[in-house]
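Values reported hereafter were calculated over all heavy atoms of this structure, with side chains retained and with hydrogens, waters and symmetry mates removed. Order of listing sets the numbers, starting from 1, for every ligand and every atom in it.
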Amino acid sequence: MAPTNPAPAPPDAPYWWQAAPRPVPSREAPPTAVDAVIVGSGLTGLNAALEIARGGRSVVVVEAQALGFGASTRNAGFVSRSFKHGFGTVEKKFGLAYALQLFGELDASVRAVERRIAEENIACFMNTNGRFLPCASEAHLAALLSDLDTQRKHMGFAFTPVSRSNVTRELGTDKYVGGAIVHGLGGLHPGLYHAGLLAAARRAGVAFVDNTPVLSISGQQGAFRVRTSRGEITCRDVVIGTNGYTHGLLPWLDRRLIPFDAFMIATGPLSPEAMARAIPGGKVTIDSNHNALFVRPSPDGTRVLFGGLTGSALANLPDKGRHLQRMLGTLIPSLAQAELDTVWTGKCAATFDLFPHMGCHDGIYFAAGYCFVGVPMGTYLGTKIGQAVLGRREAASLFADKSFRSMPFYNGRPWFVPLVTRYWQGLDARTPSGAIAA
Ligand SMILES: Cc1cc2nc3c(=O)[nH]c(=O)nc-3n(C[C@H](O)[C@H](O)[C@H](O)COP(=O)(O)OP(=O)(O)OC[C@H]3O[C@@H](n4cnc5c(N)ncnc54)[C@H](O)[C@@H]3O)c2cc1C
C-alpha cells in the first residue's frame with residue numbers, strides 16, 4: 001500500500017515539493033528475490049521499472065533516501081531537445097546520417113515525456129508554448145540562429161528569431177542582444193510529473209523500498225545478489241538509475257560520470273502585474289552563456305524560478321540563495337526587491353563526450369550522464385533500458401552504441417569541475433548577462 005501522508009519538508013526542500021511532497025517513509029522490507037532490482041527512484045528508475053513490470057516481470061525500486069529525493073524532483077522542469085553539441089558540430093564530426101539520427105532521438109525523448117503524461121493521465125502542467133533562448137553576445141546569436149536554421153532544414157524544427165528590441169516581449173531585461181523562440185518545447189512541474197510516474201509504477205505492480213541504500217552488487221546476470229542496508233535481494237537483472245548521485249556501486253560507471261551541483265531559487269508570490277513585467281512571454285528561458293542562467297514562471301504563474309552558478313562549490317546554501325537572488329535582480333531589474341522564498345540544490349551528471357549514455361556493463365544495465373536534459377532523456381533512456389532488460393528490439397539507440405569513455409586517473413571525484421566552472425564564468429564575464437554571475 002502506498003503511504004498517503006506526506007513527510008514534513010526540510011528547510012532546503014525544492015519549491016516543487018510544496019505541491020508534491022516526498023511520500024512518508026514506507027518502512028517496507030526489501031523482498032528476498034525478484035526479477036529486476038532498480039537502484040534509484042528518479043525518472044530513469046521509474047521509467048525502467050514501469051517498462052519491466054509491464055513486460056510481466058517482478059520489479060523492486062530501491063532508493064537510498066525518500067522516494068524521488070534526487071534531481072528528478074529538483075530540476076527546472078524544462079523539456080527540451082537541446083544539446084551541448086549543435087547539429088552542425090555533430091554533422092561535421094560524425095556525418096549527416098548520424099546527426100539526423102541523434103536529433104531524431106532527442107526529439108523522440110520530448111515525445112516520450114508527452115506520451116507518458118498522456119498515457120498515465122498525469123496532471124503536471126506540461127506546456128509546449130515555446131522555449132526562449134536569449135543570447136549574451138552577437139557571436140552567440142549568430143551561432144544559435146545558424147544552428148537552428150540547419151535543424152529546421154533537416155529536421156523541420158520550427159523557430160522564430162527574436163531581435164534585440166523584441167527581447168523585452170519575452171523577458172524584462174536589457175542584457176541580451178537577441179535570441180530565438182524554439183516552438184513545440186516548454187516545461188512541466190517536475191514534482192507532479194515524478195509523483196504521477198510513481199503512482200503509475202505502483203499501479204503496474206512495482207514494489208518500492210525507500211531509505212535503503214544499495215551497498216554492493218555481486219554475482220552475474222541471471223543471478224545477482226544486491227546487498228542493501230536492510231538485507232539482500234537476489235535477482236536476474238539490475239538497473240542503475242543513480243545519475244548525479246552515482247557513487248561506489250559500479251566503479252566502471254563512477255569513472256565515466258562527472259557529478260556536479262546545480263542551484264535554483266523561487267521568489268515569493270508576485271502580483272500578476274509583476275509577473276507580466278518580469279516574464280511577459282511566460283516561457284521557459286535559458287541563455288547562451290557557457291554557465292547558463294535559466295528562468296521560468298512557476299506553473300501557477302505566481303513566482304519566478306531562477307537557476308545559475310551551476311557547478312560552483314556547494315558551500316553554504318542560504319548564501320548561494322542570496323547570491324542567486326542578487327543575480328536575478330541584476331538580470332531582471334523589476335525583481336530587485338523580490339523576496340527569496342526557497343533555495344535548493346541537486347546533483348546532475350555530465351560525461352566526457354557530453355553525450356548521455358545507456359548500456360550494460362558486466363551484466364548491469366545503466367542509463368545516465370544526461371548533461372542537463374534528464375527530464376526528457378531520463379524518461380526516454382529509462383524506458384529504453386527497461387526494454388533492453390526485456391530483450392526487446394525497441395531498446396536500440398544511438399546512445400547505447402557510442403563508446404563510453406573515461407579519462408586516465410579519473411576515479412569519479414570531479415576535482416576539476418570548479419576549475420571548468422571558473423573558466424566558463426571568465427568567458428561569460430565578457431558578455432553583459434554573463435557578468436551578472438561575477
Ligand atoms: C537544479 C537542477 C535543474 C535541472 N534542470 C533540468 C531541466 O530543466 N531539464 C532537464 O531536462 N534536466 C534538468 N536537470 C537534470 C535532471 O533533473 C536529471 O538529469 C534527471 O532528473 C536525472 O534523473 P535520474 O532518475 O537519472 O536521477 P535522479 O533523479 O538524480 O535519481 C537518482 C536517485 O538515485 C538514488 N541513489 C543513489 N545511490 C543509491 C544507492 N546506492 N542506493 C539506492 N539509491 C541510490 C539517489 O538518492 C537519487 O534519488 C536539472 C537538475 C538540477 C539538479
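With respect to Arg81 and Asp107, a salt bridge is recorded, a charged nitrogen being found less than 4.0 Å from a carboxylate O. Taking a cutoff of 4.0 Å between a charged side-chain nitrogen and a carboxylate oxygen, Glu51 and Arg116 qualify as a salt bridge. Looking at Glu28 and Arg202, no side-chain N of the basic residue comes within less than 4.0 Å of a carboxylate O on the acidic one, giving no salt bridge. In this structure, Asp237 pairs ionically with Arg57, as a charged nitrogen and a carboxylate oxygen lie closer than 4.0 Å.
Considering backbone and side-chain atoms alike, Ala262 places every N or O at 3.5 Å or more from each N or O of ligand 1. Distances between N or O atoms of Leu43 and those of ligand 1 include at least one value under 3.5 Å. Not one N or O of Met264 is nearer than 3.5 Å to an N or O of ligand 1, by distance alone. The shortest N or O to N or O distance between Phe78 and ligand 1 is below 3.5 Å. Residue Gly45 places no N or O, backbone or side chain, under 3.5 Å from any N or O of ligand 1.
Of all the atoms in ligand 1, the ones that sit under 4.0 Å from a non-hydrogen atom of Val62 are 43 (C), 44 (N). Listed by number with element, the atoms of ligand 1 under 4.0 angstrom from any heavy atom of Gln65 are 47 (O). Within ligand 1, the atoms closer than 4.0 Å to a non-hydrogen atom of Thr242 are 32 (C), 34 (O), 36 (N), 37 (C), 38 (N), 39 (C), 45 (C), numbered from 1 in the order shown. Ligand-side atoms of ligand 1 in range of Gly40: 33 (C), 34 (O), 35 (C), 44 (N), range being under 4.0 angstrom from any heavy atom. Each of the atoms 42 (N) of ligand 1 lies under 4.0 Å from some heavy atom of Pro213. Heavy-atom contacts of Val375 reach the following atoms of ligand 1: 9 (N), 10 (C), 11 (O), 12 (N) (cutoff under 4.0 Å). Atoms of ligand 1 lying under 4.0 Å from at least one heavy atom of Leu249, given by number and element, are 41 (N). Applying the 4.0 Å criterion to heavy atoms of Tyr370 picks out, from ligand 1, the atoms 19 (O), 22 (C), 26 (O).
Between the side chains of Ser397 and Tyr380, not a single donor N or O lies within less than 3.5 Å of an accepting N or O. Under 3.5 Å, the side chains of Tyr193 and Glu120 contain no donor-acceptor pair of N or O atoms. Donor-acceptor pairing under 3.5 Å is lacking for the side chains of Arg303 and Thr342.
Phe78 and Phe294 have perpendicular rings, their planes meeting at more than 60° on a 0 to 90° scale where under 30° would count as parallel.
Using a 4.0 Å cut-off between heavy atoms, Cys348 contacts ligand 1 through its side chain alone, with no backbone atom that close. Contacts between Arg74 and ligand 1 below 4.0 angstrom, taking non-hydrogen atoms only, involve the backbone exclusively. For Val214, heavy-atom contacts with ligand 1 shorter than 4.0 Å involve the backbone as well as the side chain.
For Arg152, the CZ atom is densely surrounded, since the number of other residues' heavy atoms within 6.0 Å is greater than 12.
With sequence neighbours left out, Ser312 forms a side-chain hydrogen bond (donor to acceptor under 3.5 Å, both in side chains) with Lys320.
The closest approach between Pro376 and ligand 1 falls below 4.0 Å for a heavy atom of the residue.
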